[in-house]
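Have a look at this one before I ask anything.
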Amino acid sequence: MAADTLPDAENQPVEDAGRRSFFNRLFQIVMGLWGVAFITVVVSYIKAPRESKGIEEKIKRVGPLSELQVGSAKFVADELQPWWVIRTSSDEIIALSATCTHLRCILQWDKDSGRLVCPCHAGAFDLNGNVVSGPPPRSLTRRDCNTRGGIVYVNLNPS
């Protein structure tokens, strides 16, 4: 009778094996889902941002022309690249990249010399975007500006 009350030694490993395989399978499913989520995050980080076709994203509103005096400049922060909008005369406005072509430092407007100056390595650019001094390897990107209804706009489309 004592043998009837004791658990069967042969059934116990089968029950443990069933539990073990269940938890192994559950672990595989959880790790698989985690792996898919991880790969999705990595791919979305590496993938280039989609290019928008909307005109509102390709033309940036700078502000009223009356706020931009002759010889002054206005810094315009764009999502992709910052710009300096400079009023050189009563009828000419230019837009130059605010990022130095040497080490991508943000350029500063020097009103006295009429140049964009890099605070990092003493690079300087004239109003055409050409390198005047310092280590920058190439000139600045220039964009078209226009005014409509007394408002200044910068065309961010590549020329």
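Note that the coordinates shown come from a computational prediction; the quantities given were computed from them, not determined experimentally.
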*Taking side chain as C-beta onward, heavy atoms only, is H102 less than 4.5 Å from C118?*
no

*Minimum heavy-atom separation for A124 to R115, with atom names?*
CB-CD, 4.4 Å

*Under 3.5 Å donor-acceptor, D126 side chain and N130 backbone*: yes

*In Å, rounded to the nearest 0.5 Å, how long is the span from OG of S139 to CG of N128?*
9.5 Å

_Smallest separation among heavy atoms of Q69 and R87, with atom names_ = O-CB, 3.6 Å

*asked:* Quick one, N146 and R148 - any side-chain contact, counting heavy atoms below 4.5 Å?
replied: yes

*If we only count heavy atoms from C-beta on, is the R104 to T99 side-chain gap below 4.5 Å?*
yes

_Regarding C105 and C100, I want to know if their SG-SG distance comes in below 2.5 Å, which is how I'm defining a disulfide._
no

*For the hydrophobic clusters of this structure (ILVMFWY residues joined by side-chain heavy atoms under 4.5 Å, transitively), does one cluster hold both W34 and I39?*
no

*Looking at A95 and V154, what are the two nearest heavy atoms and their distance?*
CB-CG1, 3.8 Å

_N24 and S21 side chains, donor-acceptor separation under 3.5 Å_ = no

*side-chain contact (heavy atoms from CB on, under 4.5 Å) between T88 and V70, intermediate numbers included*: CA-CA 6 Å; T88 56; V70 175; over 6 Å; no

_Strictly distance-based, threshold 3.5 Å: is any side-chain N or O of K74 a donor or acceptor partner for the main-chain N or O of V62?_
yes

*So which residues get pulled into I94's cluster when ILVMFWY side chains under 4.5 Å apart are joined, directly or through others?*
F75, W84, I86, L96, I106, L107, W109, L116, F125, L127, V131, L140

*asked:* Using side-chain heavy atoms (C-beta onward) and a distance below 4.5 Å, is L68 in contact with I93?
replied: yes

_Would a single hydrophobic cluster contain both V36 and I46, if residues Ile, Leu, Val, Met, Phe, Trp and Tyr are joined by side-chain heavy-atom contacts under 4.5 Å?_
no

_Working to the nearest 0.5 angstrom, can you tell me the gap between R143 CZ and I59 CD1?_
12.5 Å

_Suppose we screen for salt bridge (Lys or Arg N to Asp or Glu O under 4.0 Å). Which residues come up paired with E92, at least two apart in sequence or across chains?_
R142

*Distance in Å, F27 CZ paired with R20 CZ, rounded so as to fall on 0.5 Å steps*: 15.0 Å

